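Fair warning: this is a prediction, and the values are worked out from it, not measured in the lab. For reference, positions follow the sequence shown, starting with 1.
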Amino acid sequence: MKYIRRSVKYFIQLTLIFTVLIAILMLSGMVEKDVAAAFRRGWDSVWMILGVFAAMSALYPRFGYTTRKVSVKGEPSELWPGVEEVMKGRGYESAGEAPDGGRRYHLGSVVNRAARLWEDTITITPVLGGFQAEGLARDLARVISSIDHKFNRYE
């Protein structure tokens with residue numbers, strides 16, 4: 001269900017951005033105000049573009065969200081304060097406990113949350129040998145790197 005919800009959100013976001021851009025172009029006079037003149041195939045082009053948006057939106061949650069592991073030595077109970085510090089430094093705040101013994105975090109800034117369509121939650125779960133994190137791939141890479149540098153010394 002989460003996958004479908006994310007797909008619909010991205011479809012709406014892409015469609016809204018496209019509509020605003022075309023409206024700006026039409027209102028500024030750079031493009032004809034008639035859709036039949038603005039696009040080579042008129043309304044057929046609009047339906048084709050929406051079809052491409054639907055395909056992109058259907059695929060994005062598959063590639064945009066991931067799970068990554070970071071190796072950290074120590075007991076999770078001793079490491080959580082450091083994880084909290086890293087997450088706070090990255091602009092995240094606690095969103096509560098996860099059902100599997102982990103913790104959930106979301107961005108503290110409402111603007112950043114809105115930009116990510118409120119799909120900004122990162123769940124960190126203790127696993128054998130470290131932590132496993134799940135969330136938006138571009139944010140997760142930064143968080144995992146920060147946790148890794150916080151606890152592991154590379155010399």
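In terms of the side chain to side chain donor-acceptor pair (under 3.5 Å) criterion, Lys33 has no residue partners (sequence neighbours excluded). With sequence neighbours excluded, the residues satisfying side chain to side chain donor-acceptor pair (under 3.5 Å) with Asn152 are Asp148. In terms of the salt bridge (charged side-chain N to carboxylate O under 4.0 Å, His left out) criterion, Glu93 has no residue partners (sequence neighbours excluded). With sequence neighbours excluded, the residues that form a salt bridge (charged side-chain N to carboxylate O under 4.0 Å, His left out) with Arg6 are Glu119. Here Met1 pairs with nothing under the side chain to side chain contact (heavy atoms under 4.5 Å, CB included) rule; sequence neighbours left out. Residues that satisfy the side chain to side chain contact (heavy atoms under 4.5 Å, CB included) test with Glu97, not counting sequence neighbours, are Arg103. Residues passing the salt bridge (charged side-chain N to carboxylate O under 4.0 Å, His left out) test with Lys88, sequence neighbours excluded: none. Remark: Ser109 engages Val111, Asn112 in a side chain to side chain contact (heavy atoms under 4.5 Å, CB included) (not counting sequence neighbours). Arg104 is linked by a side chain to side chain donor-acceptor pair (under 3.5 Å) to nothing, counting only residues two or more places apart in sequence or in another chain.
Val46 has its side chain within reach of Trp43: a pair of non-hydrogen atoms, C-beta onward, lies under 4.5 Å apart.
Applying the 6.0 Å contact sphere to CG of Leu27 captures more than 12 heavy atoms from other residues, nucleotides or ligands. Counted within 6.0 Å of CD1 on Ile4, heavy atoms from surrounding residues, nucleotides or ligands total 12 or fewer; the atom is thus considered open.
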Between Arg116 and Arg138, does a side chain to side chain contact (heavy atoms under 4.5 Å, CB included) hold up when you go through it step by step? CA-CA 11 Å; Arg116 289 169 177 80; Arg138 64 182 174 170; 3.6 Å; yes
Apply the test side chain to side chain contact (heavy atoms under 4.5 Å, CB included) to residues Met26 and Glu32: give CA-CA distance (whole Å), side-chain angles for both, the deciding distance (0.1 Å), then the verdict. CA-CA 6 Å; Met26 286 180 171; Glu32 290 288 328; over 6 Å; no
Distance-only donor-acceptor pairs under 3.5 Å for side chains of residues 53-67, two or more places apart:
from  : atom 1 : to    : atom 2 : distance (Å)
Ser57 : OG     : Phe11 : N      : 3.0
Ser57 : OG     : Phe53 : O      : 2.8
Tyr65 : OH     : Tyr10 : OH     : 3.0

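Contacts classified as side-chain hydrogen bond (donor to acceptor under 3.5 Å, both in side chains) and involving residues 120-134 (residues at least two apart or in different chains) are given here: Arg113-Asp120.
With side-chain heavy atoms closer than 4.5 Å counting as contact, directly or through intermediates, the hydrophobic cluster containing Ile122 also holds Val70, Val72, Leu79, Trp80, Val83, Val86, Met87, Tyr92, Tyr105, Leu107, Ile124, Phe131, Leu140, Val143, Ile144, Ile147, Phe151.
The hydrophobic cluster containing Ile22 also contains Val52, counting ILVMFWY residues as joined when their side-chain heavy atoms lie under 4.5 angstrom apart, directly or transitively. At a threshold of 4.5 Å between side-chain heavy atoms, the hydrophobic network of Ile, Leu, Val, Met, Phe, Trp and Tyr places Phe18 and Ile12 in two separate groups.
The CD1 atom of Ile49 sits 12.0 Å away from the CG atom of Leu14 when rounded to the nearest 0.5 Å. Distance NZ/Lys69 to OG/Ser71: 4.5 Å, rounded to 0.5 Å.
A donor-acceptor pair is defined here as one N or O able to donate and one able to accept, closer than 3.5 Å; such a pair exists between the side chain of Ser7 and the backbone of Tyr3. No side-chain donor-acceptor contact under 3.5 Å links Ser145 to the backbone of Arg142.
Taking a cutoff of 4.0 Å between a charged side-chain nitrogen and a carboxylate oxygen, Arg90 and Asp139 do not qualify as a salt bridge.
Scanning all heavy atoms of the two residues, the minimum distance from His106 to Ser94 falls at NE2-O, 4.3 Å.
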